[in-house]
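Values in this document were obtained by computation on a predicted structure and should not be read as measured data. Values reported hereafter were calculated over all heavy atoms of this structure, with side chains retained and with hydrogens, waters and symmetry mates removed.
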Amino acid sequence: TDIARREEVEHLLRQREKELVGFAGVVAHDLRSPLARIMGYADFLQEEAYDRLDDMQRDFLSRLRKGADHMRVLIDDLLDYATAENRSMAHVPVDLHRLAEEITRERACDRPCEVVVGDLPTVYGDPTLLRQVLDNLIGNALKYTPPDREPHVLIDSHLVSDGRWRCEVSDNGIGIPERDRASVFDAFTRVGGSENFPGTGLGLAIVHRIIERHHGRVGVDPNPGGGSIFWFTVPAGEHKRKSE
Ligand code: ADP
């Protein structure tokens, strides 16, 4: 039947995607050691031979280091993407409140900022992958707030009608134009205004895939006060809020 055929095609496409992402992960992994050598020699020049370089050589060295730094971020993101797709999933209680507090502490802003962790549930899933979800969303909320504005980030949740938790990370950042809201979760997609901020366009694709594997959904809405509200849902099942 059409439905059976469709399911078969979807299954094949998913298999193919898994293989492609797995391949990207292997390539990224193998690129780490030559990149480490490039960075090692660049560091050596910077620390031991800087005095002997002329202006042009110093300029080239700085470009070399910037390129290598960018490549390292790309490799790390590709590895995370492969992990999001292929890591075998644990199914244990994960205290999202504790995770969000840990991430907030680790990401202590290098400028004044306000990050409030509200009431978040304990859910069943993979702690490493769910940490990655919160880390990407909180990191973006801080990153996409212009330097002249103090970031205000709120991480909160509520139970929604279809028996799911909806967890939200809201910010007062640059916001996302309506036409781009559906595409920001695609790999390598960066949208209006992001050129002024560093990034690879992989973080939200990682978030999307991890939440899909937890049988949830992701999305982004405008924050009424300006900025964005990124959200994801996870099934309520046996899940509990910290305060219950
Ligand atoms: P990256 O941050 O590396 O570019 P992401 O996949 O995390 O990649 O995000 C994709 C794009 O979505 C970003 O380039 C940016 O345009 C937009 N975006 C993500 N988070 C936010 C946010 N909190 N506020 C505004 N724009 C955002």
Side-chain angles (χ1 to χ4, degrees), residues 1-39 67-94 96 99 103 123-140 143 164-165 167 169 176 179-191 194-195 197-220 230-235 237:
T1 66
D2 280 355
I3 295 178
R5 176 82 193 123
R6 196 187 147 148
E7 279 174 1
E8 194 186 329
V9 170
E10 274 174 4
H11 179 72
L12 280 174
L13 283 174
R14 176 128 300 288
Q15 277 301 111
R16 183 49 54 89
E17 195 179 337
K18 253 178 140 39
E19 284 164 18
L20 274 174
V21 175
F23 175 71
V26 171
V27 172
H29 182 266
D30 287 357
L31 284 173
R32 278 201 310 194
S33 37
L35 177 63
R37 280 205 296 282
I38 293 172
M39 292 180 92
D69 280 344
H70 183 70
M71 192 164 167
R72 207 201 40 209
V73 174
L74 195 54
I75 286 175
D76 287 348
D77 279 2
L78 274 172
L79 284 170
D80 287 341
Y81 193 34
T83 304
E85 180 67 52
N86 292 328
R87 182 187 156 89
S88 58
M89 289 253 295
H91 190 68
V92 296
V94 184
L96 293 183
L99 273 189
I103 292 164
V123 298
Y124 275 75
D126 187 292
T128 306
L129 295 180
L130 288 172
R131 165 182 272 275
Q132 182 96 55
V133 167
L134 286 174
D135 192 52
N136 276 318
L137 295 181
I138 296 169
N140 278 350
K143 177 167 79 172
R164 290 168 174 270
W165 288 109
C167 302
V169 177
I176 301 195
R179 63 175 185 281
D180 295 324
R181 281 185 208 131
S183 65
V184 283
F185 291 95
D186 296 341
F188 300 110
T189 302
R190 310 200 71 217
V191 302
S194 64
E195 63 276 4
F197 303 86
T200 61
L202 277 172
L204 291 178
I206 292 170
V207 167
H208 187 195
R209 189 60 196 123
I210 293 175
I211 293 302
E212 222 173 39
R213 291 188 71 196
H214 284 81
H215 308 291
R217 292 173 51 224
V218 292
V220 58
F230 278 86
W231 56 265
F232 62 91
T233 61
V234 270

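- Glu10 pairs by the side-chain hydrogen bond (donor to acceptor under 3.5 Å, both in side chains) definition with Arg6, not counting sequence neighbours.
- Here Phe23 pairs with nothing under the ring pair (Phe, Tyr, Trp, His ring centres under 6.0 Å) rule; sequence neighbours left out.
- Atoms CG and CG, from Leu20 and Leu13 in turn, are 10.5 Å apart once rounded to the nearest 0.5 Å.
- In this structure, His208 and Phe185 have perpendicular ring planes: the angle between them is above 60°, well past the 30° mark.
- Counting heavy atoms from C-beta outward, Leu204 and Phe230 have side chains that approach closer than 4.5 Å.
- Within the structure, salt bridge (Lys or Arg N to Asp or Glu O under 4.0 Å) pairs that include any residue of residues 182-191 do not occur (at least two apart or interchain).
- Once rounded to the nearest 0.5 Å, the distance linking CD of Gln132 with OG1 of Thr83 reads 7.5 Å.
- Atom CD1 in Ile206 sits 8.0 Å away from atom OH in Tyr81 (nearest 0.5 Å).
- Closest of all the heavy-atom pairs between Ile210 and Ala84 is CG1-CB, 3.6 Å.
- Checked against side chain to side chain contact (heavy atoms under 4.5 Å, CB included), Thr233 has the following partners two or more places apart in sequence or in another chain: Arg164, Arg166, Arg217, Trp231.
- Separation of atoms CG (Asn140) and CG (Asp135) is listed at 9.5 Å; rounding is to 0.5 Å.
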From CA spacing to verdict: side-chain contact (heavy atoms from CB on, under 4.5 Å), Leu202, Phe188: CA-CA 5 Å; Leu202 277 172; Phe188 300 110; 3.9 Å; yes
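- In this structure, the side chain to side chain contact (heavy atoms under 4.5 Å, CB included) partners of Ala28, at least two apart in sequence or on a different chain, are Ile75, Leu78, Leu79.
- A donor-acceptor pair is defined here as one N or O able to donate and one able to accept, closer than 3.5 Å; such a pair exists between the side chain of Arg181 and the backbone of Ile176.
- Qualifying side chain to side chain contact (heavy atoms under 4.5 Å, CB included) partners for Ile3, counting only residues two or more places apart in sequence or in other chains: Thr1, Glu7.
- Residue pairs meeting the salt bridge (Lys or Arg N to Asp or Glu O under 4.0 Å) criterion with at least one member in residues 22-38, sequence neighbours excluded, do not occur.
- Using a 4.5 Å cut-off on side-chain heavy atoms (C-beta onward), Cys167 and Leu96 make contact.
- Counting only heavy atoms from C-beta outward, the side chains of Pro127 and Leu99 never approach each other to under 4.5 Å.
- Here the side chains of Met39 and Asp69 are in contact, with some heavy-atom distance below 4.5 Å.
- Separation of atoms CD1 (Ile138) and CZ (Arg131) is listed at 9.5 Å; rounding is to 0.5 Å.
- Scanning all heavy atoms of the two residues, the minimum distance from Gly199 to Lys143 falls at CA-NZ, 4.0 Å.
- By the salt bridge (charged side-chain N to carboxylate O under 4.0 Å, His left out) test, Glu8 pairs with Arg5, sequence neighbours left out.
- Applying the salt bridge (Lys or Arg N to Asp or Glu O under 4.0 Å) rule to pairs touching residues 75-87 yields Arg14-Glu85, Lys18-Glu85, Glu85-Arg209, Arg87-Asp126, sequence neighbours excluded.
- Checked against side-chain hydrogen bond (donor to acceptor under 3.5 Å, both in side chains), Glu19 has the following partners two or more places apart in sequence or in another chain: Arg16.
- For Arg179, there are no salt bridge (charged side-chain N to carboxylate O under 4.0 Å, His left out) partners at least two apart in sequence or on another chain.
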side-chain contact (heavy atoms from CB on, under 4.5 Å) assessment of Phe232 paired with Leu137: CA-CA 10 Å; Phe232 62 91; Leu137 295 181; 3.9 Å; yes
